[in-house]
Amino acid sequence: NGEVERIIGTVQDITKQVQTNEQLKKQATLLNNVSDAVIETDASYVVRFWNNAAEKMYGWTAEEAIGQPLSSLIPVTYLKEKREEVATKFLKDDIWNGEIIQKNKAGVEMYVLSSVTILKDGHGEMTGSIGVNRDISDRKQAELSLQDSEEKFSKSFHKNPTAMMVADFQTKTILETNKAYLDLVGYNLEEIVRIPGKLGHGIKAANDTE
């Protein structure tokens, strides 16, 4: 007659699941508060985690990034290796570290120090990857500026018609000379450079064999 006679139900212990979810929440909170961009993908490199630092660094919000192929969000240029070489090494070693150039949402290029690790299940199968990226553009630009300055100094130093040298006066060691200096004193580079005590040697006489 449609009246309730009894109730049948099931009970499932979900303690471990709740504990796991709480642990995942704690981990996500920690990752959201680190200063480096942390990005997690699935095995097809589709984004499934994008922390606050990644939002600031790349300009994409987590809502925009999650579910998208990583390659469509962040174009990458490898500086020292080809893309195929990086992929092969990554799958072989389960990890890759290096400097790369990436573009943010606005298309601005950044020098990035990247570290990517493969995630695996209990059977050793790849389930995804997690990458930690740091914007090193300021440091890289400083290095490039210093390198450019050193190259300009080196060219000016070695091509200068005036005799020039760089020396350590404490050890009386000539560290570097230009051609004009060698022509002036009559020594070869190997005879006076990086040899303690050679600073102060005068012009070599024609019959000097020392």
- Is a side-chain N or O of N1 found less than 3.5 angstrom from the main chain of E3, in a donor-acceptor match? no
- Task: For residues L73 and E64, determine if any side-chain heavy atom of one lies less than 4.5 Å from a side-chain heavy atom of the other.
- Result: no
- Passes side chain to side chain contact (heavy atoms under 4.5 Å, CB included), L119 versus E40? Steps please. CA-CA 9 Å; L119 302 176; E40 182 185 346; 3.7 Å; yes
- Item | Minimum heavy-atom distance between L182 and N188, given as atom pair plus value | CD2-C, 4.1 Å
- Item | Taking every non-hydrogen atom, the tightest pair across M164 and Y181 | O-CB, 3.4 Å
- With side chains defined as the heavy atoms from C-beta onward, is the minimum distance between Y111 and I101 less than 4.5 Å? yes
- Query: For the hydrophobic clusters of this structure (ILVMFWY residues joined by side-chain heavy atoms under 4.5 Å, transitively), does one cluster hold both I100 and I118?
  - Reply: yes
- Message: Minimum heavy-atom separation for D135 and M110, please, with both atom names.
- Response: OD2-SD, 3.8 Å
- Query: Which of these passes side chain to side chain contact (heavy atoms under 4.5 Å, CB included) with Y187: L189, L184, V185?
  - Reply: V185
- Apply side chain to side chain contact (heavy atoms under 4.5 Å, CB included) to the pair I74 and V112, showing each step before the final yes or no. CA-CA 12 Å; I74 312 174; V112 174; over 6 Å; no
- Task: Please report the shortest heavy-atom distance between G128 and R48, naming the atom on each side.
- Result: CA-NH2, 3.9 Å
- Message: Looking at S154 and E150, would you say the former's side chain and the latter's main chain have a donor-acceptor pair under 3.5 Å?
- Response: no
- Message: Are there over 12 heavy-atom neighbours, none belonging to D138, within less than 6.0 Å of that residue's CG?
- Response: no
- Would you give the length of the straight line joining atom NZ of K103 to atom CD of E109, rounded to the nearest 0.5 angstrom? 5.5 Å
- Item | Minimal non-hydrogen separation, K105 against G59, with atom names | CD-O, 3.4 Å
- Can you check whether Q102 reaches N133 side chain to side chain, under 4.5 Å on heavy atoms? yes
- Task: Apply the side-chain hydrogen bond (donor to acceptor under 3.5 Å, both in side chains) test between S129 and each candidate in D94, T41, D42; give the one that qualifies.
- Result: T41
- Transitive ILVMFWY side-chain link L91 to I95, under 4.5 Å: no
- Can any side-chain N or O of N104 pair as donor or acceptor with the backbone N or O of K56 at less than 3.5 Å? no
- Any side-chain heavy atom of R194 sitting closer than 4.5 Å to one from L175? yes
- Task: Is it possible for you to say whether I174 and F153 belong to one hydrophobic cluster, with membership spreading through side-chain heavy-atom contacts below 4.5 Å?
- Result: no
- Heavy-atom distance under 4.5 Å between the side chains of V76 and L70, does that happen here? no
- Query: E176 versus F157: any side-chain heavy-atom pair under 4.5 Å?
  - Reply: yes
- State, to 0.1 Å, how close T173 and I195 come at their nearest heavy-atom pair, and which atoms those are. CG2-N, 3.8 Å
- Message: Students often mix this up, so state it plainly: with edges at 30° and 60°, are the rings of W50 and Y58 parallel, tilted or perpendicular?
- Response: tilted
- With a 4.5 Å heavy-atom cut-off, do K80 and E85 have their side chains touching? no
- Task: Rounded to the nearest 0.5 Å, what's the gap from OG1 on T117 to CG on D93? Could you check?
- Result: 11.0 Å
- Task: Taking the side chain as every heavy atom from C-beta outward, state whether V34 and V132 have any atom pair closer than 4.5 Å.
- Result: no
